[in-house]
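Report on the following structure.
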Amino acid sequence: MADLNAISEALQKGKANDVKTMVQAAIDEGVTAREVLQQGMMAGMDVVGRKFKNNEIYVPEVLIAARAMNAGIEILRPLLISEDVKPVGTVVIGTVKGDLHDIGKNLVKMMMEGKGFNVVDLGSDVSADAFVAAAKENNAQIICCSALLTTTMTEMKNVVAAVDTAGMRDKVKIMVGGAPVTTQFCESIGADAYTPDAASAAEKAVELVTA
Ligand code: B1M
């Protein structure tokens with residue numbers, strides 16, 4: 001029987017090959033991709049985060065765990081992205097300036113692709129001006145900003161201001177998310193929507209373009 005806890009533990013130890021093998025085995029046994037992601041991999045990443053915070057492990061171990069997480073995500077990707085979907089719009093996504101955390105952003109991207117969006121991924125450490133330029137160039141309806149640090153989430157305010165300055169505020173919706181971000185923060189900076197996870201971000205995006 002699939003052992004999601006074993007996936008969590010392998011991820012914590014950074015054993016990318018074991019994570020891949022066990023994720024594939026769980027899927028073959030009929031466990032859903034979402035269960036594997038949430039109860040296996042994200043549960044493991046939570047433990048990594050706690051240990052990192054308590055100085056029980058350091059950046060190299062976290063990077064190795066992140067690599068194992070990405071290895072598992074590659075297997076889940078086609079399953080999380082459902083096929084027969086029509087393009088519903090274009091989204092520009094990135095992690096804000098100064099912030100290198102991209103795992104959550106990659107999940108949001110994947111879920112949005114699953115809903116049929118064309119997603120332009122700017123990567124991490126993305127400046128407000130780069131968000132605006134890409135939105136203009138690709139005729140995007142939505143800009144999605146991710147931030148994992150309390151010190152970088154404030155950069156989202158600069159994105160809202162840059163979109164405003166470019167005269168695009170009535171054409172482009174701005175979505176924000178990431179662990180330290182809240183609804184109150186979203187409202188305080190004048191962004192359009194905050195969602196706590198990748199799946200709800202994708203649902204909200206559909207709502208924004210079809211409203
Ligand atoms: Co860093 N890090 N990190 N880190 N890291 C955190 C975020 C931290 C909480 C750890 C801790 O102390 N417990 C802490 C932040 C504290 C704070 O600001 N409050 C922290 C710190 C301090 C740092 C450094 C400053 C450490 C240092 O160097 N002293 C440094 C900063 C580097 C930088 O960015 N400039 C740093 C570095 C790193 C690594 C490079 C080693 C690595 C990142 C590797 C990578 O991403 N490629 C790393 C990691 C892996 C983490 C933890 C352990 C895991 C993050 C993660 O990927 N989670 C993290 C602790 C934790 O979160 N448990 C931690 C899994 C991911 C799926 O979740 O990204 O939250 P998440 O995404 C979620 C939701 O938030 C949401 O959807 C996803 C789930 O469905 N979501 C959105 C995300 N974006 C969204 C956008 C949306 C909507 C939803 O709409 C647009």
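Note that the structure is a prediction, hence the values are computed from the model and not measured.
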L63: partners by side chain to side chain contact (heavy atoms under 4.5 Å, CB included), with sequence neighbours left out | V59
Salt bridge (Lys or Arg N to Asp or Glu O under 4.0 Å) contacts touching residues 182-196 (sequence neighbours left out) = R169-D192
Would a 4.5 Å heavy-atom cut-off, applied to side chains only, mark M112 and C144 as touching?
-> yes
List for me each residue that meets side-chain hydrogen bond (donor to acceptor under 3.5 Å, both in side chains) alongside E203, sequence neighbours excluded, and say none if there are none.
-> none
Results of side-chain hydrogen bond (donor to acceptor under 3.5 Å, both in side chains) for S200 - residues two or more places apart only | D197
Set of side-chain hydrogen bond (donor to acceptor under 3.5 Å, both in side chains) partners for N158, sequence neighbours left out = E155
So do I103 and L148 actually touch side chain to side chain, heavy atoms under 4.5 Å?
-> no
With no hydrogens and no angle check, is any side-chain donor or acceptor of D3 less than 3.5 Å from a backbone partner on N5?
-> yes
Of all residues at least two apart in sequence or in a different chain, which pass the side chain to side chain contact (heavy atoms under 4.5 Å, CB included) check with T151?
-> L149
Side chain to side chain contact (heavy atoms under 4.5 Å, CB included) filter on A147, not counting sequence neighbours, yields V96, D99, T152, M153, M156
Tell me, which pairs form a salt bridge (Lys or Arg N to Asp or Glu O under 4.0 Å) where one or both residues lie in residues 24-51, sequence neighbours left out?
-> none
Of all residues at least two apart in sequence or in a different chain, which pass the side-chain hydrogen bond (donor to acceptor under 3.5 Å, both in side chains) check with K204?
-> E207
Residues in salt bridge (Lys or Arg N to Asp or Glu O under 4.0 Å) contact with K173, at least two apart in sequence or another chain = none
Between the side chain of Q39 and the main-chain N/O of V36, is any donor-acceptor distance below 3.5 Å?
-> no
Show every donor-acceptor pair shorter than 3.5 Å between a side-chain atom in residues 134-143 and any protein atom, with sequence neighbours excluded, or say none if there are none.
from : atom 1 : to   : atom 2 : distance (Å)
N138 : ND2    : A134 : O      : 2.8
Q141 : OE1    : T90  : N      : 2.6

Summary of side-chain hydrogen bond (donor to acceptor under 3.5 Å, both in side chains) pairs that have at least one residue in residues 10-19, sequence neighbours excluded | S8-Q12
